[in-house]
Amino acid sequence: MLNIIDEFTRECLAIRINRKLNSTDVIDLLSDLFILRGVPGHVRSDNGPEFIAKAVQDWITAVGARTAYIEPGSPWENGYCESFNSKLRDELLNGEIFYSLKEARIIIESWRRHYNEVRPHSSLGYRPPAPAVLFPERPAAQPQPAPPGAQPLVQMPLLN
């Protein structure tokens, strides 16, 4: 799983799930996110081979971002992601058995949406990082004037 977390909002932007992930998968997911949300100033990651690959480094530089790798063996430098990974494991992965990759993708994406839109975060004042926006219902149709000569159904007395 490749988890992308926004350090500022604490929102989980994406989780890419596959049997094996490489630098092309990282570039593919980041390019989609950069198109939707804009290019961040920095991309922080661990020193996994899919992140330190020359193709990823060159691509991040080409789009105008900078890399901020954490030191090997220093998970506290990537606290937001480590905290997210812990919650993902405790709240979902420890209680699930996935029988297919498709099933894992569906269930984990559902959990990701719940994490972002519903689940309270203590660091955010017990609010979710990206609550779902509910659109108000369409306003009721405006009353149309009655056709000439029609009698109103209800008459309201005038108040003086």
Side-chain angles (χ1 to χ4, degrees), residues 1-140:
M1 292 186 343
L2 169 61
N3 302 325
I4 308 290
I5 310 296
D6 183 324
E7 287 187 359
F8 182 73
T9 65
R10 315 287 171 85
E11 180 182 4
C12 176
L13 303 177
I15 301 177
R16 175 69 53 97
I17 303 156
N18 217 336
R19 296 195 188 282
K20 182 178 179 184
L21 295 164
N22 57 32
S23 61
T24 305
D25 297 315
V26 173
I27 292 170
D28 181 47
L29 183 54
L30 289 177
S31 64
D32 289 347
L33 290 172
F34 290 4
I35 289 168
L36 291 173
R37 296 183 166 254
V39 178
H42 288 83
V43 176
R44 182 184 318 276
S45 70
D46 62 17
N47 291 286
E50 65 277 8
F51 296 113
I52 61 171
K54 181 107 172 89
V56 173
Q57 291 178 354
D58 292 346
W59 182 83
I60 288 174
T61 302
V63 297
R66 294 173 48 186
T67 56
Y69 293 110
I70 65 168
E71 291 295 321
S74 303
W76 56 85
E77 291 181 9
N78 199 11
Y80 300 123
C81 200
E82 293 299 327
S83 175
F84 173 82
N85 290 339
S86 172
K87 287 170 181 54
L88 175 63
R89 176 150 310 282
D90 291 347
E91 296 175 12
L92 178 69
L93 299 178
N94 284 344
E96 291 289 338
I97 296 174
F98 303 114
Y99 293 101
S100 70
L101 198 56
K102 178 114 176 135
E103 179 185 18
R105 288 179 178 145
I106 291 168
I107 291 172
I108 291 169
E109 176 60 18
S110 175
W111 182 86
R112 185 190 74 82
R113 288 177 173 268
H114 173 80
Y115 178 87
N116 287 336
E117 298 172 1
V118 178
R119 184 187 179 281
H121 295 236
S122 60
S123 62
L124 299 174
Y126 295 96
R127 293 183 308 246
V133 176
L134 300 177
F135 293 100
E137 292 182 25
R138 290 180 171 235

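Exactly one residue among Glu109, Arg112, Arg105 makes a side chain to side chain contact (heavy atoms under 4.5 Å, CB included) with Ile15. That residue is Arg112.
Looking only at distances, no side-chain donor or acceptor of Asn116 sits under 3.5 Å from a matching main-chain atom of Glu11. Not a single donor-acceptor pair under 3.5 Å links the side chain of Ser110 to the backbone N or O of Ile106. A donor-acceptor distance shorter than 3.5 angstrom exists from the side chain of Asp25 to the backbone of Asn22, with no hydrogens or angles considered.
Within the 4.5 Å cutoff, side-chain heavy atoms of Leu30 are placed close to those of Ile4. In this structure the side chain of Leu88 reaches within 4.5 angstrom of the side chain of Leu93, judged on heavy atoms. Taking the side chain as every heavy atom from C-beta outward, Arg119 and Glu91 approach each other to under 4.5 Å.
Separation of atoms OG (Ser23) and CD (Gln57) is listed at 10.5 Å; rounding is to 0.5 Å. Atom-to-atom distance recorded for Asn85:CG and Asn3:CG is 5.0 Å, nearest 0.5 angstrom. Rounded to the nearest 0.5 Å, atoms CH2 (Trp59) and OG1 (Thr67) are 12.5 Å apart. Distance CD1/Ile108 to CD/Glu103: 9.5 Å, rounded to 0.5 Å.
Asn18 and Leu21 get closest at one heavy-atom pair: CB-CD2, 3.8 Å. Minimum heavy-atom separation, Ala65 to Val43: CB-CG2, 4.4 Å. Heavy-atom minimum distance, Pro128 versus Glu117: CG-O, 3.4 Å.
No more than 12 heavy atoms of other residues, nucleotides or ligands shown are found within 6.0 angstrom of CD1 on Ile97.
With sequence neighbours left out, the side-chain hydrogen bond (donor to acceptor under 3.5 Å, both in side chains) criterion links Asp28 to Arg16.
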Handout entry: Worked check of side chain to side chain contact (heavy atoms under 4.5 Å, CB included) between Lys87 and Ser83
Key = CA-CA 6 Å; Lys87 287 170 181 54; Ser83 175; 2.9 Å; yes
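Using the six-membered ring where Trp is involved, Tyr115 and Phe84 have ring planes that are perpendicular, over 60° apart on the 30 and 60° scheme.
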